[in-house]
> 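Dropping a structure here in structure tokens format, bear with me for questions.
Please read these numbers as outputs of a predicted model, since none were measured by experiment. Protein chains get the first letters and strands the later ones, always in sequence-line order, with residue 1 at the start of each.
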2 protein chains.
Amino acid sequence: MDNKLPTIKEIAKRLNVSVSTVSRALSDHPRIGLRTKMQVQQLAREINYEPNAKAISFKQQKSFVVGVILPYIREEFFSQAISGIEAAAIEHEYTILFGQSHDDPEKEKKMVEAMKKQRVDGLIISLSKQTNRYEHLEALEKYNIPVVYFDRVPPFAHAHKVYCNLFKGTVDMIGWLISRGYKRIALINGPDNLSASKERLKGYIEGVSKKKLKVDMQLVEKTDFSKESTHAAIINLLNRKQPPNAIITFNDYVHMDAVQCAQQQNVRVNQDIVFVSYANLPITGYTAFPPLVSIEQYPYGQGERAMEIMIKLLNKKAAEESAQKVYHVEEMPATLVMHPGGR
Amino acid sequence: MDNKLPTIKEIAKRLNVSVSTVSRALSDHPRIGLRTKMQVQQLAREINYEPNAKAISFKQQKSFVVGVILPYIREEFFSQAISGIEAAAIEHEYTILFGQSHDDPEKEKKMVEAMKKQRVDGLIISLSKQTNRYEHLEALEKYNIPVVYFDRVPPFAHAHKVYCNLFKGTVDMIGWLISRGYKRIALINGPDNLSASKERLKGYIEGVSKKKLKVDMQLVEKTDFSKESTHAAIINLLNRKQPPNAIITFNDYVHMDAVQCAQQQNVRVNQDIVFVSYANLPITGYTAFPPLVSIEQYPYGQGERAMEIMIKLLNKKAAEESAQKVYHVEEMPATLVMHPGGR
DNA sequence: TGACGCTGCGCAAACGGTTGCGCAGGGCGC
DNA sequence: GCGCCCTGCGCAACCGTTTGCGCAGCGTCA
């Protein structure tokens, strides 16, 4: 069995020309004679020649591979995001090197190192929940490996990022709830150190104040995303002297746990208390009690945009090497969606 | 800004030694003096030297990258599978190049080509539903790029594969149902051309016959996995002269659609008719009516095993180049799981 | 008829590492 | 004092491809 992939050298040998001639013939160089060109291309087709991308990328210092690091691919949000990334990548002939951080900054760092070793052209990343140091990522930029963040983006300005404005989204959601008569609105937020939590809380406070209601911090609970923690938050809220009549949960996963607990406590979900959430995941359509309203965060679109920005950066790099640093920051709308249906 | 990643050459120049010395010093070669070794390693650490995996893989004809092609990452089954693959990969310092086929044989073929171009060391793939030609994959084997299939595996024997024995699983499930007194058991199967469908049907027939009941093909319906098609199947079953008292659906996604429809038809799910399914996805724990019993197919474990087999193949390739062809075929148990709970 | 330009191709360096081999210098035994 | 081995390092080839440059042969024009 011929166990070697065909190379340009083989073609050269069999046609008694030099490798450079073959190389040029394949790329349709004007200085190669028509006869030679035809012969080369013919033989290349016959033996199923495929250029060795590794050799090319090695030579050209460009691999058409971009790294993608996500917290958890099993979260539908991220699996949709990577599909968006992939779609845009294919469009421009890029391939993606994939890794998960499992929301662990250490693993995230190791993945970044691995990607650097593999010399990806660029890196698209949604940060782990606990990440608060960015040296490993800034180091990449230093070496001209662009980094594009999406959804879970770093707090500073000198970065390319695409994300949803959850502050606005939250304000809108509060407005919607209040206009429907729900005035005791609770928030089950995530850990304080997450910027996502901060956005939600800011939006919550702004949304409530804007409607001339006073903010009651007794209605703001926290979860570390474990089922137990979410259940505890619900119990706490139900035990308030004046329990809420609307609960905003951090995301649809928290929502599902929250609803489960509320039911166990004999709450008539979406009647006694309405539940609203973030993410608008398709699976909630199959659950017993989907959130009445969810904030769509467009994971597919975010992924797609992130990749498009990446392509732009990579092309620019080739063109005007030392371009002035302009950071692409793209804020996507976070829109209210009612009654999320099936897939 | 120093925009170049540090190379071995730089170290050599700055230390006034040859590149070969640096290379050997870094790999702790015994013939390099202790002083030199220390100096080199010191400087390497200082300037954050990281070997260029592309150059190495180019030279060594080995990249420590394996391709992974899945139908849809958004199906929890596959996102869990890729996590298993990733875990095993990290263990052995491999990285994964990712792509989806979207259940389209054409896209699958293109992804395979892309991976070949990138010269992955091996390919792990779960076939698209419609794939019935395997030339593009067999071509890889010809060039010594091993292919390991999992879950959706090809029908022939000359392939490395890991999968669940759904035939046995189905027989077990039927046995369980009959022992509980459910004797009119329906099956909502997938398209005929899928081997997964064939397995289920064979298991269905065997399971029913084994219990001395006669097989009623009126109780076997099909779905193309669209919600409409599944709904139609349910309607058909409910309209039988003797409707079923148990329904086996192709997988948990079909289950969810099926239950939705049954409810609309005022069936008391899991009372009038019990629903059982395949896959045992965590999300069903959050749905209104999870399947009473589901066949666990261990996606994480399948992925992990597939990667381990891959590693073994790649190591063997290095060791005994022309080893006799032995195909790894790993059949995992498909176990019955009751009352699947939350995450 | 000599200078010049065009056509068609080959030579060789380069990308960043690895590795077989060679060589110099020193220590050792006989 | 000669041969031998050991230590410590450099030289150069190699992996597959691209690309700047050089060169030969031929036609053209002054």
> Less than 4.0 angstrom between a side-chain N/O of K62(B) and OP1 or OP2 of dC15(D), yes or no?
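Checking dC15(D) against K62(B), no side-chain N or O comes under 4.0 Å of OP1 or OP2.
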
> Ignoring backbone atoms, establish whether S23(A) has a side-chain N or O less than 4.0 Å from OP1 or OP2 of dT19(D).
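The answer is no; no side-chain N or O of S23(A) sits under 4.0 Å from OP1 or OP2.
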
> Would you say dC15(D) has OP1 or OP2 under 4.0 Å from some side-chain N or O of K54(B)?
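Answer no for this pair, as no side-chain N or O of K54(B) is under 4.0 Å from OP1 or OP2.
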
> Is the Y149(B) to H160(B) ring centre distance short of 6.0 Å?
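No; H160(B) has its ring centre 6.0 Å or more from that of Y149(B).
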
> Look at S20(A) and dT19(D) and indicate whether a side-chain polar atom (N or O) is within less than 4.0 Å of OP1 or OP2.
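No, S20(A) has no side-chain N/O under 4.0 Å of OP1/OP2 on dT19(D).
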
> Classify the nucleic acid contact of S27(A) as base, sugar-phosphate or nothing, counting any heavy atom under 4.0 Å across all strands shown.
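Nothing, no nucleic acid heavy atom in range.
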
> At under 4.0 Å, does any side-chain N or O of Q61(B) touch on OP1 or OP2 of dG16(D)?
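The answer is yes; a side-chain N or O of Q61(B) sits under 4.0 Å from OP1 or OP2.
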
> Check whether F64(B) forms a cation-pi arrangement with K62(B) (NZ or CZ under 6.0 Å from the six-membered ring centre, at most 45° off the ring normal).
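Flagged: K62(B) positioned over aromatic ring of F64(B).
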
> Which heavy atom in I47(A) sits nearest to a heavy atom in P6(A), and how many Å separate them?
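What the structure gives for the nearest pair is O-CG, 3.4 Å.
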
> Would you say Y49(B) places a side-chain N or O within less than 4.0 Å of OP1 or OP2 belonging to dG17(C)?
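Yes, within the criterion.
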
> Answer with base, sugar-phosphate or nothing: what part of the nucleic acid does V22(B) contact at a heavy-atom distance below 4.0 Å?
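Since no nucleic acid heavy atom lies under 4.0 Å of V22(B), the category is nothing.
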
> What nucleotide, of dC9(C), dG10(D), dG17(C), holds the atom closest to the side chain of T7(B)?
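Of the candidates, dG17(C) comes closest.
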
> What verdict does the side-chain contact (heavy atoms from CB on, under 4.5 Å) test give for M111(A) and S101(A), after you've listed the backbone C-alpha separation in whole Å, the side-chain angles of each residue and the deciding distance to 0.1 Å?
CA-CA 7 Å; M111(A) 275 307 319; S101(A) 66; 5.9 Å; no

